[in-house]
K.L.:
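Please see the structure below; I have some questions.
Since we're looking at a predicted model, the values are computed, not measured. Position 1 is the first residue of the sequence; numbering continues from there.
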Amino acid sequence: QVQLVESGGGMVQAGGSLRLSCTASGRTFSSYAVGWFRQAPGKERQFVAGIIWTSSSTYADSVKGRFAISRDNAKNTVYLQMNSLKPEDTAVYYCAARRRGVVTIASEYEYWGQGTQVTVSS
């Protein structure tokens, strides 16, 4: 079992930055792929970024060049650094984990955190 807890959300003005953290408990978290997703009101959950144990990463086109995902396996934590934030980035952000590779489909992930709200004002 893997339990995930997100933190770091908040309210920021457009152009600002936030860093989200996803901390895991449980064994062998370093071997899991971790994805960040977001869900705005009335919209489907959307893939944002993902990372595997080698730190190879994947990004949605909408966040490339602005967001950076990283992991510290010693701390069982994955980070999402979000820069140049836009109002359209406003959503609840979730981290999720799965045993095999990063995929962009939310239903393919086995474990989820509770989410953290990110609000970007114009």
K.L.:
Are W36 and V78 close enough that some pair of their side-chain heavy atoms sits under 4.5 Å apart?
P.N.:
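A side-chain contact exists here, since the closest heavy-atom pair is under 4.5 Å.
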K.L.:
Using a 4.5 Å cut-off on heavy atoms from C-beta on, say whether the side chain of Y109 contacts that of V102.
P.N.:
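Counting from C-beta outward, V102 and Y109 do come under 4.5 Å.
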K.L.:
Do you know the tightest heavy-atom contact between V92 and G115?
P.N.:
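The pair with the smallest heavy-atom distance is CG1-CA, 3.9 Å.
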K.L.:
Quick check on the 6.0 Å ring-centre criterion: do F47 and F37 meet it?
P.N.:
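For F47 and F37, the ring centres are under 6.0 Å apart.
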K.L.:
Give a yes/no verdict on a cation-pi contact between R98 and Y111, requiring under 6.0 Å between NZ or CZ and the six-membered ring centre and an angle within 45° of the axis.
P.N.:
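Negative - R98 is either too far from the ring of Y111 or too far off its axis.
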K.L.:
With side chains defined as the heavy atoms from C-beta onward, is the minimum distance between E6 and Y93 less than 4.5 Å?
P.N.:
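They are not in side-chain contact.
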K.L.:
Within a strict 4.5 Å, meaning less than it, do heavy atoms of the V34 and W53 side chains meet?
P.N.:
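Side chain of V34 against side chain of W53, heavy atoms only: no contact under 4.5 Å found.
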K.L.:
Can you name the closest pair of heavy atoms from S121 and P87 and give their distance?
P.N.:
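Minimum heavy-atom separation between S121 and P87: C-CG, 4.5 Å.
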K.L.:
Under 3.5 Å, is there a donor-acceptor pair between the side chain of R71 and the main chain of I52?
P.N.:
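Yes; judged by distance alone, with no hydrogens or angles, the pair exists.
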K.L.:
Do V118 and L20 come within less than 4.5 Å of each other through their side chains, counting heavy atoms only?
P.N.:
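Yes, close enough: below the 4.5 Å cut-off.
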K.L.:
When you check the side-chain N and O atoms of T90 and T119, is any donor under 3.5 Å from an acceptor?
P.N.:
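Distance-only check fails for T90 and T119.
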K.L.:
Counting C-beta onward and ignoring hydrogens, is there a side-chain heavy-atom pair between M82 and R66 closer than 4.5 Å?
P.N.:
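No, their side chains stay 4.5 Å or more apart.
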K.L.:
Take S21 and T77 through the side chain to side chain donor-acceptor pair (under 3.5 Å) test and state the conclusion after the steps.
P.N.:
CA-CA 7 Å; S21 299; T77 300; over 6 Å; no
K.L.:
Given the rule in the side chain to side chain donor-acceptor pair (under 3.5 Å) test, do S17 and N83 qualify, once you have shown the distances and angles that lead to the verdict?
P.N.:
CA-CA 4 Å; S17 299; N83 300 323; 2.9 Å; yes
K.L.:
Show, in sequence, the C-alpha distance, side-chain angles and deciding distance for L18 and L85, and conclude whether the side-chain contact (heavy atoms from CB on, under 4.5 Å) test is met.
P.N.:
CA-CA 8 Å; L18 285 173; L85 283 161; 4.2 Å; yes
K.L.:
So that I can tick it off, tell me whether K86 and D89 are bridged by a salt bridge, with the cut-off set at under 4.0 angstrom between side-chain N and carboxylate O.
P.N.:
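No, D89 and K86 are not salt-bridged.
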K.L.:
Taking the side chain as every heavy atom from C-beta outward, state whether V48 and F67 have any atom pair closer than 4.5 Å.
P.N.:
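Yes - at least one pair of side-chain heavy atoms lies under 4.5 Å apart.
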K.L.:
Looking only at heavy atoms, which two atoms of A91 and R38 are closest? And how far apart?
P.N.:
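The answer is CB-CB, 3.7 Å.
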